[in-house]
Amino acid sequence: MSAKPGSSVEAIASCIAGYDPNALSVEQAREFIARFVPRVEAVEKLALRSALGRVLAADVVSPIDVPAHDNSAMDGYALRGSDLAAGAPTTLRLAGATAFAGGAASAAPPSGSCVRIMTGAVMPAGLDTVLPQEFAQAQGDAVTVPAGVVATGDNRRRRGEDLARGEVALAAGRVLKPADIGLVASLGQAELAVRRRLRVAFFSTGDELRSIGEPLEPGCVYDSNRYTIHAMLTRLGVEPIDMGVVRDDPAALEAAFRSACECADAVLTSGGVSVGEADHTKQVMARLGDVAFWRIAMRPGRPMAFGRVEAGASGANSAVLFGLPGNPVAVMVTFYAFVRDALLAMAGATPLPLPLLRARATEAVRKKPGRTEYQRGVVTRASDGDWDVALTGAQGSGILRSMSVANGLVVLHHAQGSVERGGHVDVIPFDALV
Ligand code: AMP
Ligand code: MG
């Protein structure tokens, strides 16, 4: 059975084998989310320089061969491979004017001759090989090619070897990187069609939260999640919309969700989704949309709400909701485990799986099978060339410093049990994350 994006929570749940909102595996939650989220369709044209980090909306097809001509990869002498004697030096006669980059192709010189050529210059007609100048023994107009230093076709860049005319240079869905921008420039193209930037609203919930600049009364904490979320969204290349701290009050929460639906494609909240929360967040989420409340078999980040909230009866304005837990480490872990790929998919990108490093645990790691754990680790290169990973100490989900000290997340998979000292574990290096 399949359900299209835009389907209800119930319809999608029926597609997930063994779906139980109270005991969902990380993989099931990821599959659910991937099936649920819609993709932004609007496309805009941007000048090449403004397109870095944006999502390509259509394939870029090369209108030309790059390079447009066979040309030399070295400074040296262009010659015919068929003139070279097998296993013995060959002396050729220097003919014609030196070929410089930017000049047109020169006519074919007579057989047994060669032409002085510079890197990037078009190969003279009939010549197919370049002898690098450091191998050449030149005397007057005689150039001797020592035996065995070049073979036919060496040091010649072929027309179209970078890109052939009609070839797809970049596929739609690509998040544009510096090399891509250069590649498009090499085709002589000034603009790119990219998808509209995804708009992501976010706010924090909890009466204990204080914003920076406010005095910290007893029992209160500064709201750090909004800053972490803002930073993670910025790195992802979406447009973050900061809606502040929202009081634990149904009217304030409802107003916040409604305005998020009007201005954003997705809304991220933190806090207020745990079991037994005394606040109103969950009730308002449930009332305003189609939302599943999950307990995920993972640590940290067990409680999470996911679905769609809507403003207005028609549902014309809606936003995908990620109700993240409140604990600062859980916010980051759930973001990387679920939100990152979902937002990339919504933005029209084809997310590549995160690279995982296999690293050797420098200490025994306790782990219960039946849930996915994300522990904070510091990866270093050991003297034997292997990667070592040490845990950052206390792994409490409120200890944000553990994320700051770490340079990677140790992923202990669902079925995996404890790991002995020296055993290998998977690590997501933070520098691989956008
Ligand atoms: P909750 O998920 O609302 O039960 O919150 C779990 C824990 O995370 C509590 O200790 C909260 O004080 C803390 N917390 C919730 N939201 C934030 C936030 N925005 N910044 C820092 N800590 C938070
Ligand atoms: Mg709370």
Side-chain angles (χ1 to χ4, degrees), residues 21-22 24 26 29 200-235 240-257 260 264 266-288 291-307 309 321-339 371 373-376 392 394-406:
N22 288 312
L24 211 58
V26 166
V200 184
F202 58 100
F203 59 86
S204 299
T205 70
D207 284 346
E208 76 281 24
L209 302 180
R210 292 294 172 271
S211 292
I212 298 175
E214 290 176 356
L216 202 60
E217 293 130 38
C220 292
V221 292
Y222 280 121
D223 171 14
S224 61
N225 288 346
R226 244 175 348 111
Y227 289 83
T228 323
I229 289 173
H230 180 271
M232 293 189 293
L233 291 175
T234 303
R235 262 208 176 178
I241 303 169
D242 187 347
M243 300 184 62
V245 176
V246 178
R247 276 174 300 116
D248 184 20
D249 161 71
L253 285 163
E254 180 165 341
F257 278 119
V267 53
L268 265 60
T269 63
S270 71
V273 292
S274 342
V275 180
E277 271 280 333
D279 60 29
H280 300 281
T281 312
K282 286 202 285 185
Q283 289 158 29
V284 175
M285 286 176 180
R287 184 153 49 79
L288 285 184
V291 179
F293 295 95
W294 289 336
R295 281 203 281 171
I296 304 175
M298 69 187 290
R299 203 164 123 143
R302 204 150 90 105
M304 189 173 136
F306 177 74
V309 282
L321 167 75
F322 298 88
L324 306 183
N327 273 308
V329 178
V331 164
M332 295 196 75
V333 166
T334 48
F335 186 94
Y336 291 134
F338 307 114
V339 182
R371 69 182 183 205
E373 290 192 17
Y374 297 87
Q375 303 209 10
R376 275 70 71 206
T392 57
Q395 297 286 315
S397 64
I399 304 177
L400 188 53
R401 211 173 73 87
S402 68
M403 280 301 269
S404 175
V405 168

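We count ligands from 1, going down the list as the structure has it; atoms in each ligand are counted the same way.
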Report the C-alpha separation of R376 and T392 in whole Å, then their side-chain angles, then the decisive distance to 0.1 Å, and conclude whether the side-chain hydrogen bond (donor to acceptor under 3.5 Å, both in side chains) test is met. CA-CA 6 Å; R376 275 70 71 206; T392 57; 5.1 Å; no

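- Residue nearest to atom 17 (C) of ligand 1, selected from L324, N225, V329: N225 (by heavy-atom distance).
- Below 4.0 Å from some heavy atom of Y222 lie the following atoms of ligand 1, by number and element: 20 (N), 21 (C).
- For the pair R226 and S211, the minimum side-chain heavy-atom distance is below 4.5 Å.
- With contacts defined as side-chain heavy-atom distances shorter than 4.5 Å, the pair M232/F202 does not qualify.
- Neither the backbone nor the side chain of R226 has any atom closer than 4.0 Å to an atom of ligand 1 (non-hydrogen atoms only).
- Taking the side chain as every heavy atom from C-beta outward, H280 and D248 approach each other to under 4.5 Å.
- Only side-chain heavy atoms of L209 come within less than 4.0 Å of ligand 1; its backbone N, CA, C and O stay farther off.
- The backbone and the side chain of S224 each have at least one atom closer than 4.0 Å to an atom of ligand 1 (non-hydrogen atoms only).
- Each of the following atoms of ligand 1 lies closer than 4.0 Å to a heavy atom of S204: 19 (N).
- When only interatomic distances are considered, the shortest N/O to N/O separation between G272 and ligand 1 falls below 3.5 Å.
- A heavy-atom distance below 4.5 Å is not found between the side chains of F203 and V245.
- Below 4.0 Å from some heavy atom of D223 lie the following atoms of ligand 1, by number and element: 18 (C), 19 (N), 20 (N).
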Starting from the C-alpha separation in whole Å, work towards a yes-or-no answer on side-chain contact (heavy atoms from CB on, under 4.5 Å) for F257 and L321. CA-CA 9 Å; F257 278 119; L321 167 75; 3.7 Å; yes

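- Paired with M332 under the rule side-chain contact (heavy atoms from CB on, under 4.5 Å), one option of I229, T228, L324 passes, and it is T228.
- Under a 4.0 angstrom heavy-atom cut-off, S274 registers as being in contact with ligand 1.
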